[in-house]
2 protein chains.
Amino acid sequence: MSGNSRFAVSVHMLAYLAYRQGAAVPSAEIASSVDTNPVVIRRLLSALVKARLVAARKGAAGGFSLSAPPEGISLLGIYRAVEPKPDHGLRHFSPNQKCPVGAKIETILGGVLAKAHASMEAELARVSLADVHRQLHAVCTGRR
Amino acid sequence: MSGNSRFAVSVHMLAYLAYRQGAAVPSAEIASSVDTNPVVIRRLLSALVKARLVAARKGAAGGFSLSAPPEGISLLGIYRAVEPKPDHGLRHFSPNQKCPVGAKIETILGGVLAKAHASMEAELARVSLADVHRQLHAVCTGRR
DNA sequence: CTTAATGTAACCACAAGAGTTACGCTTAGG
DNA sequence: CCTAAGCGTAACTCTTGTGGTTACATTAAG
């Protein structure tokens, strides 16, 4: 099931780091906000560190912090960092090449799915972590 | 895992029905083109019949055929018929409501993901089964 | 040197999907 | 009327992906 929560948890984590304003936040604290195990948090953050979105400090008083201002981090960057290459549901799809339809449907479908996926990514690119942070504050402070 | 091939196989099946030009095609024949089990085909077609995209004829000499011309069937219609409601990866996502971030991130993320998904669906709506059929023929007949 | 933290590996549990077998029901064609 | 073909669906297994958990080596602050 391409239905994993890796992206959702990742955005939550980075929003929390933005919320803590550059402090070195240990995985246990993030885990408390997400309500899961610290190892799950560290696993995902490991991918985000590799993508240079997050800085990690080892040792006592260590933890994680954003490696760029929230304005410079788009949700697309997060998505690409933690989501494996999209299968587009073509995993178990290897049609009969002897059939004129089966021989070419894969290529045709691939083109359509690539466009659809690109359109979704463009939407994610439009939102930055700063936008999320702003909405978070609007809820906390702004009451009608 | 949201990575299933239901949509890909469904488009393949309907493209095959368009290719067979309204004949009553048995599931075994479609299964041969997709290279899978006839029951898998019938399971998916069952959803497409419920969505009124396909007509099923029982009994001997029975089979499946399109219930509308290919121009009237969009890939979005197929997608909606066979793909369950999108979880957007929020299945295992129930953050700590006592945390100011966890309390509201779910709503914020839901809005962003809804927009991204709508954008993807709009792209699928732009393509009809007739377009797929046309590309299929372009490959079969058109050689440089 | 102690303590707190990251970075992984290893394992279990669970859910979803695909494939398969089986069987009842329906219908065309003789 | 009877038979063969084919749909509709349930039940089962197998595989895979994901999350959760424990464990442990490594690192760094104080």
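Per chain, numbering begins at 1; letters A, B, ... match sequence-line order. Predicted, not measured: the structure shown is a model, and the values here were computed from it. Quick note: numbers below take in every heavy atom, side chains included, and nothing from hydrogens, waters or symmetry partners.
Although no hydrogens or angles enter the test, the distance criterion places a donor-acceptor pair under 3.5 Å between the side chain of B/Asn96 and the main chain of A/Ser32. Between the side chain of B/Ser67 and the backbone N or O of B/Leu53, at least one donor-acceptor pair lies under 3.5 Å. Side-chain atoms of B/Arg57 come within 3.5 Å of backbone atoms of B/Ala61 as a donor-acceptor pair (strictly under, hydrogens ignored).
Looking at the side chain of A/Val39, the nearest of the listed nucleotides C/dT6, C/dT8, D/dG20 is C/dT8.
Residue A/Ser5 places at least one side-chain N or O closer than 4.0 Å to OP1 or OP2 of D/dG19. At D/dG19, none of the side-chain N or O atoms of A/Thr36 fall inside 4.0 Å of OP1 or OP2 (strictly under the cut-off).
Legend: residues meeting side chain to side chain contact (heavy atoms under 4.5 Å, CB included) with B/Val112, ordered by chain and number and at least two apart, are A/Leu75, A/Leu124, A/Val127.
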Side chain to side chain contact (heavy atoms under 4.5 Å, CB included) between A/Leu45 and A/Arg42, intermediate numbers included: CA-CA 5 Å; A/Leu45 278 170; A/Arg42 291 205 292 271; 5.5 Å; no
For B/Phe93 and A/His12: C-alpha separation, side-chain torsions, deciding distance, then whether side chain to side chain contact (heavy atoms under 4.5 Å, CB included) applies. CA-CA 10 Å; B/Phe93 190 62; A/His12 184 160; 3.6 Å; yes
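For residues 45-55 of chain B, proximity to DNA chain D is found at B/Ser46, defined as any non-hydrogen atom under 4.0 angstrom from a strand atom.
If you take CD1 of A/Ile41 and P of C/dA5, they are 15 Å apart, rounded to a whole angstrom. Here D/dG17 presents its P atom at 15 Å from NE2 of B/His92, a figure rounded to the nearest Å. Here the P atom of nucleotide D/dG19 and the CG atom of A/Leu44 are 7 Å apart, to the nearest Å. The interatomic distance linking B/Arg6 (CZ) with C/dG19 (C1') rounds to 14 Å, in whole Å. Between A/Arg43 atom CZ and C/dA10 atom P there is a gap of 13 Å when expressed in whole angstrom units. Between A/Asn37 atom CG and D/dA23 atom C1' there is a gap of 12 Å when expressed in whole angstrom units.
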B/S/- along nucleotides 24-30 of chain D (protein heavy atoms under 4.0 Å) is ---BBS-
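Each of A/Val40 and B/Val25 was matched to the nucleotide of DNA chain D holding its nearest heavy atom; the match closer to the 5' end belongs to B/Val25.
Heavy atoms only, all atoms of each residue included: A/Ser10 and A/Val82 are closest at OG-CG1, 3.3 Å.
A donor and an acceptor atom, one from each side chain of B/Ser119 and A/Ser119, are located under 3.5 Å apart.
In this pair, A/Tyr79 and A/His117 present their aromatic rings tilted. The plane angle is within the 30 to 60° band.
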